[in-house]
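Comments concern the structure below.
Start at 1 with the first residue, then count along the sequence.
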Amino acid sequence: MEKDDSFKLEIVDENEKASKPAGFNLDQTLEEVDQFIQKLVPGENKFVKCIDPLQELVDSRIALYEQKEPAAKFGLNIDEDNSFFEAVRRLSLIVNNLDEFPSDLAAISCLNRASSAHFRAMLLFECEFRALLDNPKRTGDPNVDPKSPNTDGSQGSSKPEDEFPYFSSQSIHVMNQIATAMIFAGYEAECCTVYGGLRLKSLDVEFSKQCYENINVDDVQKMSWESLEGEIDNWIHIMKFCTTNLFSAERNLCDSVFSENRLTAQRLFCDLATSLSIRLLNFPNALVWPRRYSTEKLFKFLDIYETLRDLANLDIVNDSSAEEFMSETSMAQCRIGGAVVSIFSQLENSIKNDNAGRIPVAGGAVHPLTRYTMNYLKYACEYKDTLEQVFQKQDKVQGSPRQKVVEQESKDVTEDDDRCPPLSPFALKLMMVMDLLDANIEMKSKLYRNPALRLVFLMNNGRYILQKIKESAEIYEMMGPSWSRKRTSELRRYHKTYQRETWSNVLQCISHEGVQVNGKVSKPILKERFKNFNTIFDEILKTQSSWIVSDGKLRSELRVSISSVVIPAYRSFLGRFKSYLDNNKQAGKYIKYQPEDIEELIEQLFEGNTASMAPRR
């Protein structure tokens, strides 16, 4: 191989080494390299003439860059940086195609020098890539070189961003150049290892800022519910921060740094997201280990489930490379869903096992269990869509024993109403709870010795249940209009039965029948009738004034219905037979109430007054 002194580079001191070779033309050299690689004619030594100066340029530039501070080696002179990256790219093409080159000693010697320069360039890139990633707020001074893109004020400032991930646009551009060059050169693994490790470190720092603590199973078992509730709230906050901010910002950074390698960007982000998610999922996974939670804990678990659902539905990880991420998230979601079903099912057990009702509720008022159950269901059904999804997933496997039970229950519930569509698993569960509550109320009503008070108790609880269902569009939709109509009919039946049980004896006292004997009004019978009326009415007033009907509409309906039958009958009886009493004194003895008094006293029924009511004239 002929020596060409114009391309010979002597090993001298660093200042001389940093200068360009005499007569060097970068564009011409790059063009020659490109033409040579395209043709690759064995035996020609022309490749030595174009490779040597390229390798010398790279070596000289590396020496200059190594003198600069880490994280500030590039970005001060765009033209020089671009020429360096182009030169390294050509070296990469040469080194990656060594097998195609001539095998004489001169060629081998030249290629060895090129490989050495290429390796030094990769080391420089890796170190600078690491420095930039590890020091996002460090940038070079844009005023050092007049060719800097940030000196005219029209370009983006080199000042670090104030928000995560805290990289300036200049730093991201340099990292993009380095990543593109390293991957093109065959150093993708090294590049990704540096990026993944340092980005995970940065994300850990963000977690620490959000006060994240890694809580394991042992920690959960030792914590009180109050402490655990606080940790759940904090976990949800961090997860929402990740899904709405952190992950999207990290994905954008990946896409920017690896813009020329989209698959690499996707894989790196998914690996990072999976690593973070597995750490975050340790907490919900720890929650579902053997520990029983009472029914009121349901809502926190539903919040966790919805948070996991948001994580699983992220568009930024909806890709085939995110299989592990999706799998881990799905498993955690399934475990929390199982806990939700278990906790909700405890409501059934609490109704079945409620033995606190051995003493009836005073005044026939709404039972605490009824209030608790209906308020619980109303609140739970604010999560209706989530609960539908949870119970549906639990019964997803066709042919499973549970699925067969669900199908049969749905058939049994809807067979009386052909217009009803098949019920969902959660709707069926809701029906079962309502049936249990009905049975429990019926059982507790039998504790009352007074049949009328028993009916007031049934009306109170039945009306409370019906009103709560009407107040909740979600419950009403699942229970269906036919259920509400049936419940309303039952309430009417209770009402009529109560009226018959309580007021039939009163009406018998003021009936016109039986007052006459042999065609004449019998004063003894008449006096007995007035006396009995007063006694029975006073007893009803004394007793039922202490009874409680808390629903204003029901209370009004009861009073109106009582007045509508008692007052006309009393007014008619009084008007027909008052004159048969001997004198005003005798009349005053037996006629204790005027119709207006009766009406006023009826309006005071069901107020829960324990004091006896004074009769009024």
Establish, yes or no, whether a centroid distance under 6.0 Å links the rings of [X] and [Y].
X    : Y    : value
F129 : Y187 : no
F184 : F85  : no
Y65  : F74  : yes

Assess the residue pair Y195 and E190 against the criterion (side-chain contact (heavy atoms from CB on, under 4.5 Å)); give the C-alpha distance rounded to whole Å, side-chain angles, the decisive distance to 0.1 Å, and a yes or no. CA-CA 9 Å; Y195 184 89; E190 290 81 355; over 6 Å; no
Can you tell me how far the [atom1] atom of [X] sits from the [atom2] atom of [Y], to the nearest 0.5 Å?
X    : Y    : atom1 : atom2 : result
E128 : M175 : CD    : CE    : 10.5 Å
D303 : I336 : CG    : CD1   : 11.0 Å
N252 : F269 : CG    : CZ    : 9.0 Å
F164 : N245 : CZ    : CG    : 8.0 Å
D310 : Q333 : CG    : CD    : 9.5 Å

Surrounding [atom1] of [X] (heavy atoms of other residues, nucleotides or ligands, distance under 6.0 Å), is the total greater than 12?
X    : atom1 : value
R309 : CZ    : yes
K209 : NZ    : yes
K68  : NZ    : yes

Step by step, work out the side chain to side chain donor-acceptor pair (under 3.5 Å) result for Y293 and S342. CA-CA 9 Å; Y293 296 97; S342 176; over 6 Å; no
Mark yes or no: R279 above the aromatic ring of F207, with NZ or CZ under 6.0 Å from the six-membered ring centre and no more than 45 degrees from the axis.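 Pair R279/F207 does not count as cation-pi.
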What is the minimum heavy-atom distance between D59 and R120, and which atoms define it? OD1-NH1, 3.1 Å
Any idea which heavy atoms bring A121 and I62 closest together, and the distance? N-CD1, 3.5 Å
Give the C-alpha distance, both sets of side-chain angles, the deciding distance and a yes or no for side-chain contact (heavy atoms from CB on, under 4.5 Å) between N216 and F283. CA-CA 6 Å; N216 57 34; F283 179 64; over 6 Å; no
Do the side chains of Y383 and F301 get nearer than 4.5 Å, heavy atoms only?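 The answer is no; the side chains never approach within 4.5 Å.
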Look at [X] together with [Y] and state whether they make a salt bridge at an N to O cut-off of under 4.0 Å.
X    : Y    : value
R251 : D255 : yes
K429 : E348 : yes
K73  : E69  : no

side-chain contact (heavy atoms from CB on, under 4.5 Å) between L133 and V194: does it pass, once the steps are laid out? CA-CA 9 Å; L133 287 167; V194 171; 4.1 Å; yes
side-chain contact (heavy atoms from CB on, under 4.5 Å) between E324 and E328, worked out: CA-CA 6 Å; E324 184 180 3; E328 293 290 338; 4.3 Å; yes
If the plane angle is over 60° it's perpendicular, under 30° parallel, otherwise tilted; pick one for Y379 and F299.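 Y379 and F299: parallel rings.
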